[in-house]
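Everything on this sheet refers to the single structure shown next.
The shown structure was predicted, so the numbers you read here are calculated from the model rather than taken from an experiment.
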Amino acid sequence: MGGNMSHLQDSDESSHGHESRIVALHSKGQWNTHFAAFKDSNKLMVIDFTATWCGPCRAMEPILRDYADKFTDVEFVQLDVDELPDVAREFGVQAMPSFVFMKKGEVVDKIVGARKDELQKKIEKHRIS
């Protein structure tokens with residue numbers, strides 16, 4: 001048993017033996033523990049607020065996996081707004097997908113919508129700043 005923390009699975013995982021670097025958190029306790037571990041870190045954390053019923057969110061998943069593989073110095077976290085509505089409210093999330101960029105426990109940027117080019121630019125900007 002244990003926690004419900006998981007990693008997103010690539011559809012071709014069996015052929016490549018590849019597990020996504022995106023950490024999916026499924027409870028408030030997991031989020032609190034993960035956030036506490038990173039709140040003093042200068043490492044960029046990108047939080048993907050998603051929902052299973054959200055088409056644009058599903059379209060962004062392979063892109064986010066690619067970015068997680070490319071930017072190994074960035075922590076990628078996925079939260080389902082239906083599982084963690086209180087966390088989504090804390091960050092003012094009202095539309096999905098929403099991406100929140102955090103460093104040292106503070107929000108440094110935000111993107112609303114499936115905007116992959118802007119997502120990459122902001123990851124590149126904030127991972128080194």
Side-chain angles (χ1 to χ4, degrees):
M1 287 276 246
N4 284 333
M5 190 165 78
S6 61
H7 291 271
L8 295 182
Q9 302 298 311
D10 284 338
S11 58
D12 61 350
E13 180 180 60
S14 58
S15 63
H16 291 96
H18 182 261
E19 184 175 277
S20 174
R21 293 187 59 256
I22 303 168
V23 179
L25 303 175
H26 303 283
S27 74
K28 178 78 175 196
Q30 286 177 344
W31 164 248
N32 289 339
T33 300
H34 201 78
F35 178 76
F38 280 88
K39 72 177 182 180
D40 295 323
S41 171
N42 202 35
K43 183 176 185 176
L44 176 64
M45 182 189 310
V46 178
I47 308 166
D48 171 21
F49 287 92
T50 187
T52 55
W53 46 264
C54 171
C57 299
R58 287 194 306 274
M60 287 298 291
E61 280 186 19
I63 295 158
L64 204 60
R65 278 196 301 266
D66 287 345
Y67 291 165
D69 288 339
K70 180 177 179 179
F71 302 110
T72 58
D73 58 335
V74 176
E75 179 75 6
F76 289 86
V77 175
Q78 187 177 66
L79 302 177
D80 187 307
V81 297
D82 293 322
E83 291 179 342
L84 296 167
D86 49 343
V87 177
R89 270 192 301 277
E90 284 175 36
F91 285 93
V93 172
Q94 297 181 342
M96 280 67 65
S98 285
F99 301 93
V100 175
F101 300 77
M102 297 191 75
K103 271 190 163 179
K104 294 194 176 212
E106 299 292 325
V107 174
V108 295
D109 218 330
K110 196 178 215 181
I111 296 174
V112 177
R115 296 161 33 197
K116 69 175 189 171
D117 293 336
E118 186 177 353
L119 180 61
Q120 180 171 340
K121 286 177 186 159
K122 290 195 178 204
I123 291 168
E124 290 170 346
K125 172 185 173 184
H126 292 296
R127 68 190 269 259
I128 56 173
S129 61

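Criterion: ILVMFWY side-chain heavy atoms under 4.5 Å apart, direct or through other members. Under it, V112 and F76 are not part of a common hydrophobic cluster. Under a hydrophobic clustering in which Ile, Leu, Val, Met, Phe, Trp and Tyr are joined whenever their side-chain heavy atoms come within less than 4.5 Å, directly or via other members, F49 and F38 fall into the same cluster.
No side-chain heavy atom of D48 sits under 4.5 Å from any side-chain heavy atom of I22. Counting only heavy atoms from C-beta outward, the side chains of W53 and D82 approach each other to under 4.5 Å. V81 is not listed as a side-chain neighbour of F91, based on a closest heavy-atom distance of 4.5 Å or more.
Listed by first and then second residue, the side-chain hydrogen bond (donor to acceptor under 3.5 Å, both in side chains) pairs involving residues 87-108 are K28-E90 (not counting sequence neighbours). For residues 39-86, the set of pairs meeting the disulfide bond (SG atoms under 2.5 Å apart) definition, not counting sequence neighbours, comprises C54-C57.
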Would M60 and I63 satisfy side-chain contact (heavy atoms from CB on, under 4.5 Å), going step by step from the backbone distance to the final call? CA-CA 5 Å; M60 287 298 291; I63 295 158; 4.0 Å; yes
side-chain contact (heavy atoms from CB on, under 4.5 Å) between E124 and K70: does it pass, once the steps are laid out? CA-CA 11 Å; E124 290 170 346; K70 180 177 179 179; 4.2 Å; yes
For a side-chain contact (heavy atoms from CB on, under 4.5 Å) check, start with the C-alpha distance between L119 and L64, then their side-chain angles and the critical distance, and finish with the verdict. CA-CA 9 Å; L119 180 61; L64 204 60; 3.8 Å; yes
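Applying the ring-ring contact (aromatic ring centres under 6.0 Å, His included) criterion to F101, with sequence neighbours excluded, gives H126. For F35, the side-chain contact (heavy atoms from CB on, under 4.5 Å) partners two or more places apart in sequence, or in a different chain, are W31, K39, M102. With sequence neighbours left out, K121 forms a side-chain contact (heavy atoms from CB on, under 4.5 Å) with no residue at all. Contacts of N32 classified as side chain to side chain donor-acceptor pair (under 3.5 Å), with partners at least two apart in sequence or in another chain: none. Here F99 pairs with nothing under the ring-ring contact (aromatic ring centres under 6.0 Å, His included) rule; sequence neighbours left out. With sequence neighbours left out, E83 forms a side-chain contact (heavy atoms from CB on, under 4.5 Å) with H26, D80. Qualifying ring-ring contact (aromatic ring centres under 6.0 Å, His included) partners for Y67, counting only residues two or more places apart in sequence or in other chains: none. Every residue two or more places apart in sequence or in another chain was checked for a salt bridge (charged side-chain N to carboxylate O under 4.0 Å, His left out) with R58, and none qualifies. In this view, P62 and R65 satisfy the side-chain contact (heavy atoms from CB on, under 4.5 Å) rule, not counting sequence neighbours. Remark: D40 pairs with no residue by the salt bridge (charged side-chain N to carboxylate O under 4.0 Å, His left out) rule, at least two apart or across chains.
The line from CG of L79 to CD of Q30 is 9.5 Å long, rounded to the nearest 0.5 Å. Atom CZ of F71 and atom CG of D66 lie 10.5 Å apart (nearest 0.5 Å).
The nearest pair of heavy atoms linking V74 to K43 is C-CE, 3.7 Å. Shortest non-hydrogen contact noted between T72 and R21 is O-NH2, 3.0 Å. When all heavy atoms of K122 and D109 are compared, the pair lying nearest together is NZ-OD1, 2.8 Å.
Remark: side-chain polar atoms of R127 are not paired, donor with acceptor, to backbone N or O of D73 under 3.5 angstrom.
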